[in-house]
Asks: 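My structure is below; once you've seen it, I'll send some questions.
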Amino acid sequence: PSLHARPPVCTLPPPPHQDQLLTEAAAPACPAGSEALELAATLRLAADFHAFCRGLHDLCVDTFVSAVATSNTALEVRLRLLLTDRRALDKGNATSSVLAQDFGRLGLAWKTLNSADPGRKQLCDALDEFLIVRNSHAHGDSPTASATVAAKQVPSFSFYINRAHTKLDRLAGQIDDEVSKHLATI
């Protein structure tokens, strides 16, 4: 199956063109009282990425089960249950370790993929850092979120969100590509 006909990970407006990301003017400081906007943008981006990963995992499970349990309904049901029971994506954030665990059930060697591609490792690290910011905001610890963003030495929170959006979309594309290659071998 073609997994490449996917919508963008996030339905937020696309980040500015790469050249614009280098200037503070492209990501002006958020106005006073914009903490609610920061929270909304952070939660939306995390939710969209999570939904993409869970949907891709569901599609993988369906493809795997169809390939392995042809015309055996009982086996299809059992396999689907085994591959989705206690799925970490159903209980927590879509961190790199959660993705490794859940896609690993389908035989995708996540750690091997990351070690073969340092760029992917950096994207996974960016994902995990972004989810720290998300969790801090979501659980009322805005100072931790602000400190994490400030440590990145970016001009504004908007700039940080735009950069995270770009990185998560790139990571989603890479995950999609690797899963497609893996499923083609089944």
Asks: Under a 4.5 Å cut-off applied to non-hydrogen side-chain atoms, are Phe52 and Leu171 in contact?
Replies: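 Not touching, per the 4.5 Å side-chain cut-off.
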Asks: Charged N to carboxylate O below 4.0 Å: is that the case for Asp48 and Arg44?
Replies: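 Yes.
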Asks: Does any non-hydrogen side-chain atom of Phe157 lie less than 4.5 Å from one of His137?
Replies: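 Yes, side chains in contact.
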Asks: Taking all heavy atoms of Thr144 and all of Ser136, pick out the closest pair and write down the distance.
Replies: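 Heavy atoms of Thr144 and Ser136 come nearest at CG2-OG, 3.3 Å.
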Asks: Pairing donors with acceptors under 3.5 angstrom, does anything connect the side chains of Tyr160 and Glu129?
Replies: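 There is such a pair (donor and acceptor under 3.5 Å, judged by atom type) between the side chains of Tyr160 and Glu129.
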Asks: Determine all donor-acceptor pairs shorter than 3.5 Å in which one atom belongs to a side chain in residues 70-79; sequence neighbours excluded.
Replies:
from: Asn72; atom 1: OD1; to: Ala74; atom 2: N; distance (Å): 3.4
from: Asn72; atom 1: OD1; to: Leu75; atom 2: N; distance (Å): 3.1

Asks: In terms of hydrophobic clustering (I, L, V, M, F, W, Y; side-chain heavy atoms under 4.5 Å; direct or indirect links), are Val68 and Val179 co-clustered?
Replies: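 Yes: a chain of side-chain contacts under 4.5 Å links Val68 to Val179.
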Asks: Sub-3.5 Å donor-acceptor pair from the side chain of His182 to the main-chain atoms of Leu106, do we have one?
Replies: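 Side chain of His182 to backbone of Leu106, a donor-acceptor pair under 3.5 Å: yes, one is there.
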Asks: Kindly give the heavy-atom pair with the smallest separation between Asp58 and Arg87, and that separation in Å.
Replies: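 Reported closest heavy-atom pair: OD1-NH1, 2.6 Å.
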Asks: To check you understand the geometry: which heavy-atom pair defines the closest contact between Thr42 and Phe130, and what is its length?
Replies: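 Between these two residues, the closest heavy atoms are O-CZ, 3.5 Å.
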Asks: Work out which heavy atom in Glu178 is nearest to a heavy atom in Leu108; give both atom names and the distance.
Replies: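 Heavy atoms only, the tightest pair is O-CD1, 4.1 Å.
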Asks: Quick one: list whatever passes salt bridge (Lys or Arg N to Asp or Glu O under 4.0 Å) with Arg80, sequence neighbours left out.
Replies: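 Once residues adjacent in sequence are excluded, the partners of Arg80 under the salt bridge (Lys or Arg N to Asp or Glu O under 4.0 Å) criterion are Asp62.
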Asks: Taking all heavy atoms of Ala94 and all of His50, pick out the closest pair and write down the distance.
Replies: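 That closest heavy-atom pairing would be N-ND1, 3.5 Å.
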Asks: Is there side-chain contact between Thr95 and Leu127, with heavy atoms separated by less than 4.5 Å?
Replies: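 No - every pair of side-chain heavy atoms lies 4.5 Å or more apart.
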